[in-house]
Amino acid sequence: MDFFNSPVHSWYSLYKRDLPWRNTRNPYLIWLSEIILQQTRIDQGMAYYSRFAAEFPTISDLADAPEDQILKLWQGLGYYSRARNLHFTAKFIQQNYNGIFPDNYNTIRSLKGIGEYTAAAIASISFNLEYPTVDGNVYRVLSRFFGIADPIDTSSGKKTFNNLAIELIKGVDPGMHNQAIMEFGALQCTPKGPNCNQCPLKERCFAFLNQKITELPVKQNKTKQRDRHFNYLVLSHRNHTWIRKREGKDIWKNLFEFPFIETEDEISIEKLTTLTEFDRIISTTDQAIIENVSDWKIHILSHQRIHYRFVRIQLTDKINGTEDFIRVNKEDIFNFAVPKLLETYLNEYMKNV
DNA sequence: GAACCGTGGTC
DNA sequence: TGACCAAGGTT
């Protein structure tokens with residue numbers, strides 16, 4: 001397999017980026033970087049890594065922090081279960097492993113939030129263990145170079161690529177090798193417009209030699225999106241507003257939000273105020289003045305299209321129907337972790353109140 | 001095994 | 001503009 005490894009390793013030594021987590025083998029920091037970078041571009045995750053590493057230099061710092069603080073620092077990065085699992089596992093390591101990050105693959109793999117890929121990344125980079133990281137970059141590079149048309153999102157396809165990756169990593173520096181292929185995929189063998197003209201693999205690359213660049217890798221499943229409609233009620237009484245923490249299995253778990261009513265479609269404000277849910281949030285409507293109703297906007301998630309709007313409501317008297325909600329000073333709302341669409345709203349509309 | 005979980009960049 | 005996809009994992 002040297003005809004593949006050797007050019008990629010050489011390319012890596014020449015073109016690898018100087019990234020903060022490449023200057024350490026501290027398993028905690030490698031773990032932190034890998035969780036942040038799951039399904040996330042390096043450009044997007046970089047600032048978050050710096051803030052987390054500065055705020056929580058050790059596992060115990062992370063374990064001792066309240067989840068709300070961690071989610072606030074994670075705000076805007078998405079896939080918030082990563083942050084919750086990161087915190088859970090920090091506490092778990094603190095309690096069960098005396099704060100020492102485990103140094104064998106199976107134990108690392110057993111930790112919450114760490115799957116096959118992340119376990120291999122930590123094991124290879126921090127502990128020099130021979131486990132291949134097979135991420136989106138690796139699927140792309142291997143499928144193109146070796147001409148493998150197995151779908152990368154089926155279990156049999158994953159097995160094929162994983163077996164090949166196991167062969168490739170034998171007898172090389174595991175951490176360097178894994179990062180080399182991923183970096184090669186991220187910078188050279190990109191999804192669209194790969195730099196084939198100056199590619200060190202082009203003389204042996206199946207996809208390049210057979211004009212299959214745009215056809216590899218193969219993906220089978222298509223993602224379906226569903227539409228949802230959120231009517232956020234921004235209540236206002238003197239200097240106060242009301243929020244609550246999201247619970248259950250829905251999106252944005254444990255983040256905060258304004259009370260809202262989910263509807264089947266973009267209903268009128270008149271219909272909205274006739275709903276029993278509306279009365280549950282605002283017990284007596286004659287005490288409420290609707291100040292402003294925003295236009296509907298759309299927030300895109302990986303599997304949902306959230307149609308949302310904000311209904312600003314001035315409460316002229318003390319209200320009774322808000323026991324489920326937390327009353328907060330408007331300026332304090334910035335201390336709570338919120339979904340991106342609420343962060344944007346807060347920055348636009350709540351800054352000067 | 002399929003569905004679900006966020007956000008931003010790209011063409 | 002919509003579809004793809006980015007150092008994936010859990011249920």
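Chain letters run A, B, ... following the sequence lines, proteins first and then strands; every chain starts at 1.
Of all nucleotides listed (C/dA6, B/dC5, C/dA7), B/dC5 comes nearest to the side chain of A/Gln304. The nucleotide whose nearest atom lies closest to any side-chain atom of A/Arg41 is, among B/dG9, C/dG9, C/dA7, B/dG9. Comparing C/dA7, C/dG9, B/dC5 against the side chain of A/His303 picks out B/dC5 as the nearest. Relative to the side chain of A/His299, the nucleotides B/dT7, C/dG9, B/dC5 differ in distance, and B/dT7 lies closest. Distances were taken from every side-chain heavy atom of A/Trp252 (C-beta onward) to each of C/dG9, B/dG6, B/dC5; the shortest belongs to B/dG6. Proximity note for A/Gln39 (side chain, C-beta onward) versus B/dG8, C/dC5, C/dG8: the nearest is C/dG8. Which of B/dG6, B/dT7, C/dT10 sits closest to the side chain of A/Asn85 comes down to C/dT10. Comparing B/dT7, C/dG9, C/dC5 by their closest approach to the side chain of A/Tyr117 singles out C/dG9. In this structure, the nucleotide among C/dA6, C/dA7, B/dT7 sitting nearest to the side chain of A/Pro191 is C/dA6. You'll find that the side chain of A/Asp135 is closest to C/dA7, out of B/dT7, C/dA7, B/dG6.
One can place CD of A/Gln38 at 18 Å from P of B/dG8, the figure rounded to the nearest angstrom. Rounded to whole Å, atom P of C/dG9 lies 13 Å from atom CH2 of A/Trp31. Atoms CG (A/Asn162) and C1' (C/dG8) sit 14 Å apart, rounded to a whole Å. Atom-to-atom, CG of A/Leu77 to C1' of B/dC5 comes out at 13 Å; the value is rounded to the nearest Å. In this structure, A/Ile300 atom CD1 and C/dC4 atom P are separated by 14 Å, rounded to whole Å.
In this structure, A/Tyr308 and A/Phe310 have perpendicular ring planes: the angle between them is above 60°, well past the 30° mark. Ring planes of A/Phe127 and A/Phe101: parallel class, angle under 30° (limits at 30 and 60°). Note on ring orientation: taking the six-membered ring where Trp is involved, the planes of A/Tyr105 and A/Tyr131 are parallel (angle under 30°, cut-offs 30° and 60°).
The residue among A/Gln225 and A/Gly136 whose nearest nucleotide of DNA chain C lies closer to the 5′ end is A/Gln225. If you find the closest nucleotide of DNA chain B to A/Lys253 and to A/Thr154, the one lying nearer the 5' end belongs to A/Thr154.
Heavy atoms of A/Ile35 sit nowhere under 4.0 angstrom from any nucleic acid atom. If you check every strand for non-hydrogen atoms under 4.0 Å, A/Asp43 touches nothing. Within 4.0 Å (heavy atoms only), A/Trp74 reaches no atom of the nucleic acid at all. Within the 4.0 angstrom heavy-atom criterion, base atoms lie near A/Leu301. Nucleic acid contact class of A/Arg140 (heavy atoms, under 4.0 Å, all strands): sugar-phosphate only. Heavy atoms of A/Gly45 sit nowhere under 4.0 angstrom from any nucleic acid atom. Contact annotation for A/Ile36: no contact, since no heavy-atom pair falls under 4.0 Å across all strands.
On the P atoms, B/dG1 is 22 Å away from C/dA6, given to the nearest whole Å. Separating the P atom of C/dA7 from that of B/dC5 is a span of 23 Å, rounded to the nearest Å. Annotation: C/dT11 and B/dG6 have their P atoms spaced 14 Å apart (nearest Å).
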**Message:** Applying side chain to side chain donor-acceptor pair (under 3.5 Å) to A/Gln304 and A/Arg228, what does each step give before you reach the verdict?
**Reply:** CA-CA 7 Å; A/Gln304 299 183 28; A/Arg228 301 176 73 180; 2.9 Å; yes

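The side chain of A/Lys340 places an N or O atom within less than 4.0 Å of a non-bridging phosphate oxygen (OP1 or OP2) of B/dG8. Taking side-chain N and O atoms only, A/Thr40 has no distance below 4.0 Å to OP1 or OP2 of C/dG8. One finds a side-chain N or O of A/Ser155 lying less than 4.0 angstrom from the OP1 or OP2 phosphate oxygen of B/dG1. Look at A/Arg226 and you won't find any side-chain N or O under 4.0 angstrom from OP1 or OP2 of B/dC4. An OP1 or OP2 oxygen of C/dT11 is reached within less than 4.0 angstrom by no side-chain nitrogen or oxygen of A/Lys249. Distances shorter than 4.0 Å separate none of the side-chain N or O atoms of A/Tyr79 from OP1 or OP2 on C/dT10.
Checked against A/Glu183 for a side chain to side chain donor-acceptor pair (under 3.5 Å), the options A/Lys16, A/Gln188, A/Arg22 give a single hit: A/Arg22. Checking A/Tyr49, A/Tyr79, A/Phe52 one by one against A/Trp74, the ring-ring contact (aromatic ring centres under 6.0 Å, His included) holds for a single residue, A/Phe52. Among A/Trp252, A/Phe278, A/Tyr232, the one residue that satisfies the ring-ring contact (aromatic ring centres under 6.0 Å, His included) test with A/Phe260 is A/Tyr232.
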